Structures are given as structure tokens and as C-alpha cells.
J.: 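Here you go, one structure.
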Protein chains: 2
Amino acid sequence: MISTSEKILDVAQPLIVAGGYNGFSYADISDAIGIRKASIHHHFPTKAELVSALVDRYRQQTERGLKSLQEQFASPTDQLQAYVNFWQACIGDASLPFCVCAMLAGEMPMLPDEVASRVRAHFHHLAGWLSSVLQAGAEQHLFRLDQRPHEEAQMLMASVHGAMLSARAFADPGVFAAIVKPQLARLLVAER
Amino acid sequence: MISTSEKILDVAQPLIVAGGYNGFSYADISDAIGIRKASIHHHFPTKAELVSALVDRYRQQTERGLKSLQEQFASPTDQLQAYVNFWQACIGDASLPFCVCAMLAGEMPMLPDEVASRVRAHFHHLAGWLSSVLQAGAEQHLFRLDQRPHEEAQMLMASVHGAMLSARAFADPGVFAAIVKPQLARLLVAER
DNA sequence: TTTCATCTACCTACTAGTAGGAAGCCAAAC
DNA sequence: GTTTGGCTTCCTACTAGTAGGTAGATGAAA
């Protein structure tokens, strides 16, 4: 039995992914789950609170996802590969064709502060995870890093987000892989 | 004497850069330039037409900018550097802290078709320009390309857009350079 | 005298958000 | 064991404000 507030967030997420903060309304959610607008306000009094809760949940999901990925794959190489594969699959089957926080990051200047700070937190967290994986890989001589792990992590993250954008712009999921895969390959020692 | 329609686009551009397609209204423009809403409709009957015109103008400006950049700098190395420096300066002084089309690309699923196709055209054009510069550089043995020029161009473009996103998310213009400069350096033969 | 740019005045549809009430549930009080 | 009272959830009905867009008049310029 899934709670109504969860259902609301489940419906809101793809709407945000498609159109950003201003790209959906309480009425959209209302229509989608067959509940009155006012009832949504009962669960999330303001839109800022709704999106804040959504971003919080998204970050928790990401945290769990990255952790389970680290348990599933021992090698930093495989971990990175799995991370990229996840997004490739999402974009390919259109299930989650864009990162919620990447979407919102574009709208930072007009986001409510409480939302903006959470988006920033997600970026920090993701960059931190990538950095730690890159560092571990470098120590095991699996990766050759031209920059410090933190900078390489930023570069990789930007590539992934930029690739999502290009895949959207060209309406071609294949563009994502074409951009990210070589970017990953260049880190691997064996490839040189 | 600058025309009213130009003034409208001048005002609309930073609004779109800040908040995307749904992030501004006719009333915002009206307030900014001291003209009634209805007068804006005289110049641009619908919002889709306004934004289409804006993207058309933006692409023309970009086209001119890239051409003059090619005339100013003989070497592909310097051309690429100048392109990146342009954005670094824009983001640094907050004059144009985001590419209009990168912003709109994130909103592709909900853009009117006439706008979406123009955004796609800009991406094609920019990728084409980068590709031709990279190819010229490779032929002059200035660049060492791991992929074909077209793929390297896509990678570089994604890095630039992703770096813009990160600079926004972290509210730190320095992040842009930290991401893009090493990405550029890795292409240079001398650096290896 | 037509065309252009702008105006006032208006429209309908939608925005986020509020007030107040009805139904169901659950636990404590009688 | 039933009643009471509070809590949750959802509802109808509403608000003030904003969205994009239109009709028609005015005045100036070509």
C-alpha cells in the first residue's frame, strides 16, 4: 500500500524531468492521480515544499543506488561503468531521461532557496562519490588521472549532464553513450 | 535607434537564460521596457513566435561570433581557446551566464515544435563548427583526437554545457574553467 | 489614406493557495 | 461496548493574482 504523498511525488518527478519547476502544476498532479488540488496542499502545503521533498527523496534514492552499486561491483572501473550504464538505460527506454537535479540546476536563479540548496547538495554528494571512486581506482592503478580526483569527478559529472542535454537536443539517446563512453575510456590505464 | 522588437528580445533573453521558457511572461517584458502587454503581441503574436525569433537571432549572433573568431585567430588551438574564454568571461561577469539553447534544450519535451526544432538546429550548427575546428587542428598536427572529429566535438560541447550547469549548481563561476580547461588541454599534442 | 505602433479594456483559462466541512479511523473515557 | 474526541485525509467552494491572447480605438507617419 503506497501512501498518497509518495504517489504525489511519483507523479511529480517525471513532470519535473520533462518541464522543470515551472513545467508542472498542482492541477497536473491532481489529474494524474485522481485527487483534488486541495488534497495535495494537505500533503505539501506549498510547491516549494513539494519539490524540496521530491529532491530530498531523489537524493536518498541516489545515495542508496550508489551504495548498492558499490556493494555489487568490487572494482572502481565496474562501479563507474555501472553508473554510466544506469543513465544510458534510463535515457534509452525514456524511464528517467534526465537527472531531476540537473534539470533544476538549470533553473537555479529562480528556484526557491530551500529547493536550490538541496539541488546544490545533490551535486556535492554526486561529485564526492565520483571523486572517491576515481581516487580508489587511481590507487589500484586502474585509472590514470590527469587531474586530482575532485577535478576529474567534476569533469565526468559535467560530461554526463552535458550528454543528457545533447541527447535531448538531438532527440537521440545514442548521443549519450557516444559522449560518455570515450570520456570513461580515457581514464582507463589499459586503454593507453 | 534600436527597434522595439529588438528591445523585446533584448529583455527576453536574460529572462529565458534565468528561468527558461516558462520562466518569463509578457508582463515581465512589459514591465521592463515600459510598454503594454498588448503592444508586445503586436510584434510577436504568440510566445512561441517570440522565442523562435529569439533563438533565430541567437543563432545568427553565434554564427557571426564564431566566424569573426575564426578570422581573428588563425590557429585552431586559439580558436577553441577563444570560444571557451568567451563563455568563461560571460559566466564570470554574469553577463550571459548560460547558453540560451542549452537552457531550452533541457525543456525540449514541453517546447513548442517550432522552438524545439530551432534549438536542435543550434546544437547541430555548434557541433559542426567545433568539429571543423577540431578536424583542421588534427590535420595541422595541433590536436590528437582519440575519436573522430564529430565525436570529439560532441564531447567538448557536452563538457561546456555540463560545466555551465555545474557552475550554476555550485554558484561558482570558477567551476566552469576547472572543468573545461583540462578538457581542452587533453586535445593538445604538446601537452602529452 | 493606408499602414504602423501603441494604447485601453477586456477575455478565458489557469496559477498557487485557503476556508471550512465531511468521512473514516483509532484510542481513551464512560 | 458504546460513545466521545481527536486526527487524518479528502472534499467543495472559494480567493487573488497571473497567464497568454484579443478587440477596437488613437495618433502619427508614409
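Every value quoted in this text rests on a predicted model; they were computed, and no experiment measured them. Numbered from 1 within each chain, the chains take letters A, B, ... in sequence-line order. Note that these values count all heavy atoms, side chains included, but never hydrogens, waters or copies made by symmetry.
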J.: Check step by step if side chain to side chain donor-acceptor pair (under 3.5 Å) holds for B/E49 and B/S52.
T.: CA-CA 5 Å; B/E49 287 176 77; B/S52 291; over 6 Å; no

J.: Could you grab the distance from atom CG of A/L104 to atom CZ of B/R168, nearest 0.5 Å is fine?
T.: 12.5 Å

J.: To the nearest 0.5 Å, what is the distance between OG on A/S159 and NZ on A/K181?
T.: 15.0 Å

J.: Given the ring of B/Y21, does B/K47 sit roughly above its face, with NZ or CZ under 6.0 Å from the centre of the six-membered ring and within 45° of the axis?
T.: yes

J.: Grab the N/O contacts between the protein and nucleotides 22-25 of chain C below 3.5 Å, and write none if there aren't any.
T.:
none

J.: Strictly by ring-ring contact (aromatic ring centres under 6.0 Å, His included), give each pair with a member in residues 154-189 of chain B just once, sequence neighbours left out.
T.: A/F123-B/F170, A/H124-B/F170, B/F123-B/H161

J.: Using only side-chain N and O atoms of B/T4, determine if any of them is under 4.0 Å from OP1 or OP2 of C/dA5.
T.: no

J.: Please tabulate the protein-to-nucleotide N/O contacts below 3.5 Å involving nucleotides 23-30 of chain D, giving atom names and distances.
T.:
none

J.: Test of understanding: with salt bridge (Lys or Arg N to Asp or Glu O under 4.0 Å), list the residues that count as partners of B/E6, not counting sequence neighbours.
T.: B/R57

J.: So that I can tick it off, tell me whether B/E152 and B/R186 are bridged by a salt bridge, with the cut-off set at under 4.0 angstrom between side-chain N and carboxylate O.
T.: yes

J.: Does anything in residues 45-53 of chain B come within less than 4.0 Å of DNA chain C? Heavy atoms only, and list the residues if so.
T.: none

J.: Not counting sequence neighbours, which residues clear salt bridge (Lys or Arg N to Asp or Glu O under 4.0 Å) with A/R118? List them please.
T.: A/D56

J.: May I have all residue pairs that pass salt bridge (charged side-chain N to carboxylate O under 4.0 Å, His left out) and include part of residues 63-86 of chain A, sequence neighbours excluded?
T.: A/R59-A/E63

J.: For residues 42-75 of chain B, pull every pair meeting ring-ring contact (aromatic ring centres under 6.0 Å, His included), keeping only residues two or more places apart or in separate chains.
T.: B/Y58-B/H122

J.: Measure across A/G19 and B/E107 and return the closest heavy-atom pair with its distance rounded to 0.1 Å.
T.: O-OE2, 4.2 Å

J.: Nearest heavy-atom pair of B/Q147 and A/P182: which atoms, and what distance?
T.: NE2-CB, 3.5 Å

J.: For B/F44 and D/dG21, what is the distance between atoms CZ and P respectively, to the nearest whole Å?
T.: 13 Å

J.: Write down the atom of B/Q154, the atom of B/A127, and the distance for their closest heavy-atom approach.
T.: NE2-CB, 4.2 Å

J.: Can you measure B/H43 atom NE2 to D/dT22 atom C1' for me and round it to whole angstrom units?
T.: 16 Å

J.: Which nucleotide sits closest to the side chain of B/H41: C/dT6, D/dT22, C/dA16?
T.: D/dT22

J.: Using 0.5 Å steps for rounding, measure from the NZ atom of A/K37 to the CG atom of A/D28.
T.: 11.0 Å

J.: Are OP1 or OP2 of C/dA5 and a side-chain N or O of B/S39 less than 4.0 angstrom apart?
T.: no

J.: I need the residues from residues 104-119 of chain B with at least one non-hydrogen atom less than 4.0 Å from DNA chain C; give them sorted by number, or say none.
T.: none

J.: Which residues pass the salt bridge (Lys or Arg N to Asp or Glu O under 4.0 Å) test with B/D172, not counting sequence neighbours?
T.: none

J.: Roughly, in whole Å, what's the span from NE2 in A/H42 to P in C/dA16?
T.: 19 Å

J.: Any residue in residues 19-36 of chain A with a heavy atom nearer than 4.0 angstrom to DNA chain C? Just list them by number, or reply none.
T.: A/F24, A/S25, A/Y26, A/A27

J.: Can you list every ring-ring contact (aromatic ring centres under 6.0 Å, His included) pair that touches residues 128-158 of chain B, not counting sequence neighbours?
T.: B/Y83-B/W129

J.: Let me know the distance between NZ of A/K7 and C1' of D/dT9, rounded to the nearest Å.
T.: 12 Å

